[in-house]
Q: 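Could you have a look at this structure, given as structure tokens, before my questions?
When a ligand or atom number is given, it counts from 1 through the structure's own listing order. Since the model is a prediction, treat every value here as computed from it, not as a measurement.
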Amino acid sequence: MRYISTRGGIEPVSFLDAVMMGLATDGGLLLPEQLPKIDEAMVNKWKSLPYQYLAGEVFGLFIDDISDLDLEGLVEKSYARFSHPQVTPITKRGDVYIMELFHGPTLAFKDVALQFLGNLFEYELGRRDSCMNIVGATSGDTGSAAIAGVRGKERINIFILHPDGRTSPIQALQMTTVLDPNVFNIAVSGTFDDAQAVVKDIFNDISFKEKYHLGAVNSINWARVLAQVVYYVYAYLRLRRQGFDSVNFSVPTGNFGDIFAGYVAKSLLPDGAINKLILATNTNDILARFVNKGDYSRGEVVSTASPSMDIQVASNFERYLYYLRDEDSSLVVKDMEAFSASGSVDLSAFQERVAGDFVSRSVSEEETLDTIKEYYTEHSYLLDPHTAIGVKAAEGLGERDRPTVCLATAHPAKFGQAVKSAIGSEPPLPPVIAGLEGKESRCQLLAAKSDAIKEYVSKNAILCDA
Ligand SMILES: *Cc1c(COP(=O)(O)O)cnc(C)c1O
């Protein structure tokens, strides 16, 4: 399988080249040249596979530059640190099925993709006899999952900037208590936007970027999307075994990465296997406005109890746009130019088509907390605020013969404050985070200035062209 750019400006590349490239060099996003198909015979053959074996099969459809044996090893290693034998187990509560994606090392669904990405980087850097310095900014979840994905790996150093004092205490500890010598936490004075602006600035310095072999781990990397496709297929096959042949998925959405993986799974599986993808947003509702009105226009970002969804420009949206535009890159380029010039693009002509794939709902803060409370009192189950938004958005959409699977994207203990506002007490801490308080930690406080950060990175970078 080869990969092309949504903007049409690159020669097709192999899977590993796509992974190492991250963002396409023409500014677009990478996608497979064609989307493969899983037919009924494959569904029957794969129906009872454990998660890791299924992952190997799904990856095999998209990857032809890693041997089967090596791929098996990479998958095995990537899911060995999940605490549940099924990796992404499913439980029925009330009217919905909940798929728990938070059994990885940092208790958020980003581990599913970032454990795999870290192993892919290590593998390919070994083959190329090269190295990489990862630089990224985080408001919480991505940073800790990225660090957990590459800690202790050879040929990779990672520098993660977080806004000092503005992540949750647990999120900060999940990053700063990792003491592996290749991990560098930087607390910057300022907001997440300040941190992100500095990272952007550093990546725009091409000679610095090349000299230090800078790499990114943001959600536009194709390997992250691909890793997430697996659990949609897995959930579908599990429900097939229970006699259902069509399901809906409800997805708490920010950057459109997770739900785009659902869209890929929908195209892979036989027609109708995935009926609707429910795009759940918090009050930052650009994507809900897109689905419901064809209006894709930027709004002000407001902070909510579900911070990982406080996003107004969804970095993976361009991938879906490419399919809406019938794979015509020149139209995608026009849309993206219009959006960056005016902050809005009118896609209302596609509403009917979009409605074939998605339904969407924006969920208020009050509804989020009420849903946490309802599930706790009526179903003895604690939802984190992100998951609660997905559950609320799915309300009333399930049918007797077509269940809805809600993706649980974070463990409730990661967002203890919000849970406390909903039910009056904080959830018990699972052992992996209960032990963090009082542990030794390491973190450098720096100004949110590119020069200061560059100096720190250059002093601590792993050098690739010795
Ligand atoms: C990142 C994240 C999301 C949003 O996922 P996208 O792929 O950005 O749409 C939802 N919930 C949690 C807990 C997250 O960390």
Q: Taking the ring centre of each residue, are His386 and Phe415 less than 6.0 Å apart?
A: yes
Q: Tell me if a side-chain donor or acceptor on Asp357 pairs with a main-chain N or O of Val354 at a distance below 3.5 Å.
A: no
Q: Near ligand 1, which residues have a heavy atom under 4.0 Å away from one of its atoms?
A: Phe109, Lys110, Asp141, Pro252, Thr253, Gly254, Asn255, Phe256, Gly257, Asp258, Ser308, Met309, His386, Thr409, Ala410
Q: Holding to side chain to side chain contact (heavy atoms under 4.5 Å, CB included), I want the full list of residues that pass it with Gln417, two or more places apart in sequence or in another chain.
A: Glu426
Q: Determine, for Phe203 and Lys209, whether the Lys NZ or Arg CZ falls below 6.0 Å from the six-membered ring centre while staying within 45 degrees of the axis.
A: no
Q: So, applying ring pair (Phe, Tyr, Trp, His ring centres under 6.0 Å) with Phe317, which one of Phe260, Tyr263, Phe290 is it?
A: Phe290
Q: Hey, is Glu318 close enough to Arg7 for a salt bridge, meaning N to O under 4.0 Å?
A: yes
